[in-house]
Amino acid sequence: MRKLFLLLSLAFSTITIAQKNPCNPTGIPYASLPGDTTLLLPQGTYVTFNRCEFFDLRDCLEFDELYDQASVVSRGFTTQDNNGNILLTCGMFRIRLKPGCSEKECFEVPVKIRMPYQPNLGGSISDTCGKCPPRTIRLFTSNGGNWSDTSKLDSRIIEVDGKKYFGFMATCANKAYNCDCAKKGKTKVRFKSRGDLKIDELFIRAACPVSILKFYQPTNSSRRRIVVKLPCLRQDQLFVRVVGTDASGQVIKLLRHC
């Protein structure tokens, strides 16, 4: 009789623990399990997961908050879209999954993101270069390099407790999200090589507006010069790098700081 009582007690305790742990869904879709978990990241980004999906992924997650020029450069992103437009960014964000941690890169329940809205991306409030009217701000995404317009996805500038944020839903990890407006370059600028140097790549970085631009020379061109259309870039803190090949095939890098 005592043995039966112990078995019944153990069974009851196991059921009780399972009921207290909603993140043991046994095949139940995350969307059917209520509750959220919100993280506040160091640079002020709010990230809200379905509670149980976060519970299962919590050891796999890494975050990139790209709210200044240095962080954008370090992660290898540009401020250009796939159509050649210049993007005036107000911040970038990425959720990464650690390698080998999960086979699924997309979330069952989209993740709610609130990025601090920074129209000057770390610049002075008095800066007037490259500002975007709020109604032109929209979401761009990238798997690395240039950006794709996602005007069909809902995004908006919202205000919470007197602070402005750029809000959207992130559907997948290992994808970067960018708060931008697109501008066409109007000023035609020519870069011409000297001697037998052939231009392969042009890299331009500017502080106002924050610009990280890469241009590649078509392989069927003469490659002696490259012509690009740029927005108005303030001359201070301007950096230009030209990468080319000389007659012997040696790679040459030319740098210029303004």
Side-chain angles (χ1 to χ4, degrees), residues 43-44 64-94 115-149 157 164 166 176-194 197 199-218 223 225-244 251-258:
Q43 300 298 320
D64 293 325
E65 297 175 279
L66 311 179
Y67 298 141
D68 57 57
Q69 187 189 75
S71 61
V72 175
V73 172
S74 68
R75 291 301 181 186
F77 290 108
T78 69
T79 55
Q80 295 163 279
D81 70 10
N82 290 327
N83 296 319
N85 295 315
I86 309 300
L87 302 179
L88 304 182
T89 182
C90 49
M92 304 177 187
F93 178 75
R94 178 168 61 177
M115 295 167 47
Y117 176 60
Q118 302 183 72
N120 294 309
L121 197 59
S124 169
I125 296 176
S126 61
D127 285 340
T128 58
C129 54
K131 285 188 176 180
C132 295
R135 67 180 182 278
T136 66
I137 295 291
R138 58 184 187 268
L139 183 66
F140 288 72
T141 62
S142 174
N143 292 319
N146 290 346
W147 298 88
S148 299
D149 191 350
I157 298 172
K164 289 187 177 181
F166 181 69
Y177 298 86
N178 194 352
C179 162
D180 283 295
C181 70
K183 297 287 186 181
K184 291 187 177 296
K186 295 182 179 181
T187 304
K188 186 179 289 188
V189 182
R190 292 178 175 84
F191 295 84
K192 188 176 181 179
S193 66
R194 293 180 178 179
L197 183 68
I199 300 174
D200 298 314
E201 176 188 319
L202 171 66
F203 176 84
I204 299 173
R205 186 176 72 226
C208 191
V210 169
S211 302
I212 301 159
L213 311 173
K214 291 183 181 180
F215 303 94
Y216 298 94
Q217 190 74 291
R223 295 167 58 193
R225 66 176 183 174
I226 184 168
V227 180
V228 297
K229 289 185 177 181
L230 300 176
C232 182
L233 302 176
R234 207 168 67 187
Q235 293 300 303
D236 60 315
Q237 302 180 48
L238 183 64
F239 171 86
V240 178
R241 181 184 68 205
V242 176
V243 179
V251 175
I252 307 295
K253 294 183 180 180
L254 304 175
L255 309 178
R256 180 180 177 86
H257 293 268
C258 301

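- Looking only at distances, a side-chain donor or acceptor of Q80 sits under 3.5 Å from a matching main-chain atom of K214.
- Of the possible polar contacts, one joining the D68 side chain to the A70 backbone as a donor-acceptor pair under 3.5 Å is found.
- Closest heavy-atom contact between S211 and T79: CA-OG1, 3.4 Å.
- Legend: residues meeting salt bridge (Lys or Arg N to Asp or Glu O under 4.0 Å) with D149, ordered by chain and number and at least two apart, are R138.
- From Q118, atom CD reaches atom OH of Y67 across 7.0 Å, with rounding to the nearest 0.5 Å.
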**Report entry** Step-by-step side chain to side chain contact (heavy atoms under 4.5 Å, CB included) determination, I212 to F77
**Finding:** CA-CA 8 Å; I212 301 159; F77 290 108; over 6 Å; no
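- Remark: the backbone N or O of Y177 is not paired with any side-chain donor or acceptor of W147 at under 3.5 angstrom.
- Looking only at side-chain heavy atoms (C-beta outward), L238 and I204 come within less than 4.5 Å of each other.
- At least one donor-acceptor pair closer than 3.5 Å links the side chain of E65 to the backbone N or O of Q43.
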Report task. Evaluate side chain to side chain contact (heavy atoms under 4.5 Å, CB included) for R205 paired with R241, printing each intermediate quantity in order. Result -> CA-CA 9 Å; R205 186 176 72 226; R241 181 184 68 205; over 6 Å; no
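- Atoms CG and CZ, from N178 and F166 in turn, are 8.5 Å apart once rounded to the nearest 0.5 Å.
- Tested against S148 for a side chain to side chain donor-acceptor pair (under 3.5 Å), the candidates T141, N82, N143, D81 yield a single pass: N82.
- A heavy-atom distance below 4.5 Å is not found between the side chains of F140 and T89.
- Atoms CG and CZ, from D64 and R75 in turn, are 4.0 Å apart once rounded to the nearest 0.5 Å.
- Here the side chains of Y117 and I137 are in contact, with some heavy-atom distance below 4.5 Å.
- Between atom CG of residue L88 and atom SG of residue C179 there is a gap of 10.5 Å, rounded to the nearest 0.5 Å.
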Query raised in the report: Going through the checks in order, is the side chain to side chain contact (heavy atoms under 4.5 Å, CB included) test met by V240 and L202?
Result: CA-CA 7 Å; V240 178; L202 171 66; 3.8 Å; yes
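- Shortest non-hydrogen contact noted between P116 and G44 is CG-O, 3.5 Å.
- Counting heavy atoms from C-beta on, the side chains of V72 and V210 never come closer than 4.5 Å.
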Query raised in the report: Are I199 and F215 close enough, and set up right, to give a side chain to side chain contact (heavy atoms under 4.5 Å, CB included), and what steps lead you there?
Result: CA-CA 10 Å; I199 300 174; F215 303 94; over 6 Å; no
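- Atoms CE and CG, from M92 and D180 in turn, are 6.0 Å apart once rounded to the nearest 0.5 Å.
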